[in-house]
Every structure is written in C-alpha cells, then in structure tokens.
Peer 1: 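Handing you a structure now.
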Amino acid sequence: MHVEAVTIAPSGAADLIRQAAALIFDVDGTLAETEELHRQAFNHAFSRHGLGWEWDRAVYKDLLRVTGGKERMRAYHARLETAVPLSDVDIAELHRIKTAQYAGLIETGCCPLRPGVAELLAAAKARGQRLAIATTTSHGNIDALLSQALGPRWAVDFDAVVAGDDVRHKKPAPDVYLEVLARLRLDAPDCVAIEDSANGLIAASRANIPVLITRSLFFRDDDFSDARAVLDDLSRLG
C-alpha cells in the first residue's frame, strides 16, 4: 500500500532526520555532484570505441531519466536509426571503459561530497542511527567515490549497501529500497530516504519510506511534490 507523503517545512527536515532509525542515501547527485564526471566518462568510452557519439549536458540530462549506465546506452542507441549494431558484449566493454575512466577522474579529488553530507553522516553515527545506501550505480562506482571522500574503510559505517546490479529492477522500481529494508530489518516509516531525483523519490515512496530531497545539478526541475522536505543541500541537518 502506498502512503502519501505529507510535505513539511524545511525547518522540520532536521527533526525528520533525527527521529529516523536509519538514513538511506542515494549516491549520484545526492552524496556528491558526480553526474558531470559520469557524462565525461561515457564520452571517453564512446571515443575509445570509435562510435562518434557525444553526449552534451542537455542530451545527458534527458538520458538520466533512464536509470543505469548500460540501460542508458541502449536507450540512446535505440534512438539512432542508422546506428551500428551493438551487442551485449559491446555494451559491457563500453561500460567497463567508462567505469575505469570515472574512477580515474574521482581519484583526482575533483568531486568532493556535497555540503553537509560529511557532517550529517558523522552526526547520525554519533546518535547511533544506522546508515545505508540504495543506488542505481555500481559497487565499483560507490567505492571509488567514498574511498576518496571518506577513506578506504568507509563501508564499515554502513549497515547495508545495495546497488543496481543487486536487484532485478532499478529505480524508479522500489527494489533497492525493499532490499535495504530487508537487510536492516526495519519498517519503512522508521527510515528516511535521501534522494535528489524524481526517479529516486518514486522508488523510495513505492517502498513507503519518507523522502527528503536535496536538489542537485541535473534534477533541480524534477517534480518533488511527494517529498517530505525539499532542500538545496544537507547543511545544518546534523
């Protein structure tokens, strides 16, 4: 059964956060503004593969409606009437090149955590709240980002990390959130999902988890009317 969210004032967001037994974070756009690096890494892979594809920011913003890197490439390929056929092997190789390039970009330290994220994680840990991740991206991409931002032992602070490849259906399906709830052994209303996109909001809402939105670069104009709170960033929530 879907439970309609009741929007609260931004000033109530801190109370919403503090009352939760667990905070469940999306990754791309939520923890850090990673999407521009993903776009650059995709274009690097296309160039290496000799495809002649170039995703500018407008194209990429549109493609972000499709969750999952491999799925995004297939969706774009389907739009091209004269495109050279791409097999599953081709898609997998493109994704491998893209992922390696993304990790290399992250390692330069050019993509810090968004404002308030590190402080919120530390405050939640100090309060004894549980932390989890529910994302469409891969485990490799999560590790690349958080190893750089939080250190190589970042995973010890998270009780559940569920990525897109761990479930049958990616966001906006609720699968990643349902799996996180199962691993945490918590009820949905006792948690808060922190997201930046309409697809993430829909996924968490379908799992009956209250959602706090932190607006990001590529999804600022999404419909967030079902969120409990909508903020520009996560500052002053600890």
Peer 1: What closest approach, in Å, do Cys111 and Ala32 show between heavy atoms, and which atom pair accounts for it?
Peer 2: SG-CB, 3.9 Å
Peer 1: Quick one: does Ser147's side chain have a donor or acceptor within less than 3.5 Å of a partner on Asp143's backbone?
Peer 2: yes
Peer 1: Is any NZ, NE, NH1 or NH2 atom of the basic residue among Arg39 and Glu35 found under 4.0 Å from an Asp or Glu carboxylate oxygen of the other?
Peer 2: no
Peer 1: For a 4.5 angstrom cut-off between non-hydrogen side-chain atoms, does Thr30 reach Ser216?
Peer 2: no
Peer 1: Suppose we screen for side-chain hydrogen bond (donor to acceptor under 3.5 Å, both in side chains). Which residues come up paired with Arg79, at least two apart in sequence or across chains?
Peer 2: Asp62
Peer 1: Would you tell me whether Thr214 and Arg114 have side-chain atoms, one donor and one acceptor, within less than 3.5 Å of each other?
Peer 2: yes
Peer 1: Donor-acceptor check, side chain of Arg127 to backbone of Arg18, threshold 3.5 angstrom: yes or no?
Peer 2: no
Peer 1: If you look at every heavy atom in Ala188 and Ala207, which pair is closest and at what distance?
Peer 2: CB-O, 3.2 Å
Peer 1: Do Tyr102 and Leu31 sit in the same hydrophobic cluster, where Ile, Leu, Val, Met, Phe, Trp and Tyr count as joined when their side-chain heavy atoms come under 4.5 Å apart?
Peer 2: yes
Peer 1: Suppose the criterion is salt bridge (charged side-chain N to carboxylate O under 4.0 Å, His left out): which pairs have a residue in residues 186-200, not counting sequence neighbours?
Peer 2: Lys171-Glu195
Peer 1: Taking side chain as C-beta onward, heavy atoms only, is Asn208 less than 4.5 Å from Pro189?
Peer 2: no
Peer 1: Identify, with sequence neighbours excluded, every residue that meets side-chain hydrogen bond (donor to acceptor under 3.5 Å, both in side chains) alongside His139.
Peer 2: Asp166
Peer 1: Quick one: CG on Asn43 to CZ on Arg48, what's the gap to the nearest 0.5 Å?
Peer 2: 14.0 Å
Peer 1: With Gln40, which residues qualify under side-chain contact (heavy atoms from CB on, under 4.5 Å), at least two apart?
Peer 2: Glu36, Leu37, Leu105
Peer 1: Are there more than 12 heavy atoms of other residues, nucleotides or ligands under 6.0 Å from atom CZ of Arg74?
Peer 2: yes
Peer 1: State which residues pass side-chain hydrogen bond (donor to acceptor under 3.5 Å, both in side chains) with Lys170; sequence neighbours excluded, sorted by chain then number.
Peer 2: Glu71
Peer 1: Near Asp88 CG, under 6.0 Å, is it more than 12 heavy atoms from other residues, nucleotides or ligands?
Peer 2: no
Peer 1: Tell me whether Gln101 contacts the main-chain N or O of Ala45 through its side chain, where contact means a donor paired with an acceptor under 3.5 Å.
Peer 2: no
Peer 1: Listed by chain and number, what are the salt bridge (Lys or Arg N to Asp or Glu O under 4.0 Å) partners of Arg220, not counting sequence neighbours?
Peer 2: Asp232
Peer 1: Is any side-chain N of the basic residue among Lys61 and Asp221 closer than 4.0 Å to the acidic one's carboxylate O?
Peer 2: yes
Peer 1: Does any donor atom in the side chain of Ser225 or Asp223 lie under 3.5 Å from an acceptor atom in the other side chain?
Peer 2: yes
Peer 1: Just how far is it from atom CD1 of Ile194 to atom CD1 of Ile213, taken to the nearest 0.5 Å?
Peer 2: 10.0 Å
Peer 1: Within this structure, what is the CG-CG distance for the pair Leu234 and Leu212, rounded to the nearest 0.5 Å?
Peer 2: 6.5 Å
Peer 1: So, using salt bridge (Lys or Arg N to Asp or Glu O under 4.0 Å) as the criterion, who are the partners of Asp159 when residues are at least two apart?
Peer 2: Arg130
Peer 1: Run the ring pair (Phe, Tyr, Trp, His ring centres under 6.0 Å) test against Phe158 and tell me which residues pass, sequence neighbours left out.
Peer 2: Trp154
Peer 1: Could you tell me which residues satisfy side-chain hydrogen bond (donor to acceptor under 3.5 Å, both in side chains) with Arg65, sequence neighbours excluded, listed by chain and number?
Peer 2: Asp222
Peer 1: Once side-chain contact (heavy atoms from CB on, under 4.5 Å) is applied, do any residues pair with Thr137, and if so which ones, sequence neighbours excluded?
Peer 2: Val27, Asp28, His38, Thr135, Asn141, Ile142
Peer 1: Looking only at heavy atoms, what is the nearest atom pair of Lys98 and Ala41, with distance?
Peer 2: O-CB, 3.4 Å
Peer 1: Taking all non-hydrogen atoms of both residues into account, name the closest pair between Asp233 and Pro115 and its distance.
Peer 2: CB-O, 3.9 Å
Peer 1: Counting N and O atoms only, with roles assigned by atom type, does the side chain of Arg72 sit under 3.5 Å from a partner on the main chain of Val66, one being a donor and the other an acceptor?
Peer 2: yes
Peer 1: At their closest point, which heavy atom of Leu186 faces which heavy atom of Ala22, and how far apart are they?
Peer 2: CD1-CB, 3.6 Å
Peer 1: Are Leu178 and Phe25 grouped together when hydrophobic residues (ILVMFWY) are joined by side-chain heavy atoms under 4.5 angstrom apart?
Peer 2: no
Peer 1: Is Leu94 isolated, or which residues cluster with it under the ILVMFWY side-chain rule of less than 4.5 Å, directly or via members?
Peer 2: Phe42, Phe46, Leu51, Trp53, Trp55, Val59, Tyr60, Leu63, Leu64, Met73, Tyr76, Leu80, Leu86, Ile91, Leu217, Phe218, Phe219
Peer 1: Give the minimum heavy-atom separation between Ala193 and Ile209, together with the two atoms involved.
Peer 2: N-CG2, 3.6 Å
Peer 1: Quick one: pull up CG in Leu237 and CG in Leu16 and give me the separation to the nearest 0.5 Å.
Peer 2: 9.5 Å
Peer 1: Could you list the residues that satisfy side-chain contact (heavy atoms from CB on, under 4.5 Å) with Ser87, not counting sequence neighbours?
Peer 2: Val89, Asp90
